[in-house]
Number of protein chains: 2
Amino acid sequence: MSDPLSTVFAALADPTRRAILAMLLEDDMAVTDVAEPFEMSLAAISKHLAVLAEAGLISREKRGRVIWCRLEPDALKQASVWMQGFGQFEPVDLDAFERFLEDELRSADAGDSPPGLCPGPRDI
Amino acid sequence: MSDPLSTVFAALADPTRRAILAMLLEDDMAVTDVAEPFEMSLAAISKHLAVLAEAGLISREKRGRVIWCRLEPDALKQASVWMQGFGQFEPVDLDAFERFLEDELRSADAGDSPPGLCPGPRDI
DNA sequence: GGCATATTCAACCATGTGGTTGATGATAGA
DNA sequence: TCTATCATCAACCACATGGTTGAATATGCC
């Protein structure tokens with residue numbers, strides 16, 4: 001890619017990566033744990049994490065043999081400012097985000113997963 | 001692609017398409033006029049416009065032999081809510097967006113374009 | 001040391017993306 | 001009607017992306 005804004009938007013354009021970010025919203029995670037709920041290889045998840053790190057959306061720190069992934073929300077700021085400029089939406093509404101995530105998870109639950117488990121790789 | 005959010009982010013992940021959206025922010029434009037400042041073929045711009053329309057970010061209306069493109073900012077709303085949830089940024093700051101655009105244009109001007117002309121296909 | 005675990009690397013494959021050129025279909029205007 | 005203009009379509013190309021598998025590299029633990 002090239003410019004930071006393009007890199008960030010491209011990183012966000014994949015549901016697996018967005019789901020990873022949503023997982024990291026709760027807490028830092030090791031790569032293996034990030035990969036666990038997804039039905040793809042660890043190598044694939046590792047690539048996704050590399051894309052997210054390249055975009056600055058996460059950082060990775062090696063402690064022992066485990067690599068911990070941490071959300072870096074600042075990387076979203078420039079992109080968010082860009083979008084806000086177009087939308088002229090009402091003031092920030094974090095509740096709207098939580099409702100959005102809940103709706104997404106609920107509709108995904110109807111499909112392919114036993115209830116009551118942790119979120120998993122849904123279309124977030 | 002697949003889900004709307006992915007489609008929107010993918011559409012935004014290209015600087016040409018973001019520049020087009022910035023142009024449409026000022027006024028509706030015909031396809032030929034959209035293409036004019038870019039150094040690529042009309043067909044390429046037509047494809048970009050198709051991507052933007054697919055994402056719902058613009059609409060196209062044919063009047064006579066001219067197709068008018070209009071910005072559809074509502075398509076950004078869902079994506080914006082998503083991002084806000086991660087960023088927990090300070091309240092919406094439209095001034096920040098304008099400064100951002102200005103900075104982008106200024107830094108681009110240093111590069112490849114005679115001064116004083118209309119914005120053109122910069123890295124917006 | 002030796003083995004198991006954590007993560008990435010490398011090679012490969014199918015598909016998507018961004019661009020080109022040339023042909024094609026509408027429509028406006030002389 | 002003839003011609004020029006507006007826009008897309010179709011075929012093609014180079015390259016990026018998202019996935020796989022198998023090997024390689026580190027590190028922790030017995």
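These figures come from a predicted structure and were not determined experimentally. A, B, ... follow the sequence lines: proteins, then strands. Residue 1 opens every chain.
Rounded to a whole Å, the CG atom of Leu49(A) is 13 Å from the C1' atom of dA6(C). Rounded to whole angstrom, the span from the CD1 atom of Ile67(B) across to the C1' atom of dC9(D) amounts to 13 Å. Atoms CG (Asp33(B)) and P (dT5(D)) sit 14 Å apart, rounded to a whole Å. As rounded to whole Å, 12 Å separates atom P of dC6(D) from atom CD of Glu36(B). Computed from coordinates, the Leu12(B) CG to dT17(C) P distance equals 14 Å when rounded to whole Å. Spacing between atom CH2 of Trp68(B) and atom C1' of dA7(D) amounts to 14 Å, rounded to whole angstrom units. Taking atom CD on Glu54(A) and atom P on dG18(D), their separation rounds to 13 Å, with Å as the unit. Leu52(B) places its CG atom 13 Å from the P atom of dT17(C), with the value rounded to the nearest Å.
Through direct or indirect side-chain contacts shorter than 4.5 Å among Ile, Leu, Val, Met, Phe, Trp and Tyr, Trp68(B) is connected to Val66(B). If you chain together ILVMFWY residues whose side-chain heavy atoms come under 4.5 Å of each other, Val51(B) ends up in a group of its own.
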Restricting both atoms to N or O, compile the protein contacts to nucleotides 20-23 of chain C shorter than 3.5 Å, with distance only.
unit_1: dT20(C); atom_1: OP2; unit_2: Ser41(B); atom_2: N; d: 2.9
unit_1: dT20(C); atom_1: OP2; unit_2: Ser41(B); atom_2: OG; d: 2.8

What are the atom names and distances for every N/O pair under 3.5 Å that joins the protein to nucleotides 23-28 of chain D?
unit_1: dT27(D); atom_1: O3'; unit_2: Arg65(A); atom_2: N; d: 3.4

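Rounding to the nearest 0.5 angstrom, the gap separating the CE atom in Met83(B) from the CZ atom in Phe9(B) is 5.5 Å.
Partners of Asp28(B) under the salt bridge (Lys or Arg N to Asp or Glu O under 4.0 Å) rule, at least two apart in sequence or in another chain, are Arg70(B).
A sub-4.0 Å separation between OP1 or OP2 of dT8(C) and a side-chain N or O of Arg60(A) is present. Applying the 4.0 Å criterion to OP1 and OP2 of dT8(D), one finds that Ser46(B) has a side-chain N or O inside that range.
In the set dG18(D), dT7(C), dT8(D), dT7(C) carries the atom at the smallest distance from any side-chain atom of Thr32(A).
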List the steps and the verdict of side chain to side chain contact (heavy atoms under 4.5 Å, CB included) for Leu71(B) and Leu57(B).
-> CA-CA 6 Å; Leu71(B) 190 63; Leu57(B) 291 165; 5.6 Å; no
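Sorted by first and then second residue, the pairs that involve residues 48-59 of chain A and meet side-chain hydrogen bond (donor to acceptor under 3.5 Å, both in side chains), not counting sequence neighbours, are Arg17(A)-His48(A), Ser59(A)-Glu72(A).
Looking only at distances, a side-chain donor or acceptor of Thr7(A) sits under 3.5 Å from a matching main-chain atom of Asp3(A). The closest donor-acceptor contact from the side chain of Arg18(A) to the backbone of Leu12(A) lies under 3.5 Å.
In this structure, Asp14(B) and Ser6(A) have side chains that are not in contact, with every pair of non-hydrogen atoms separated by 4.5 Å or more.
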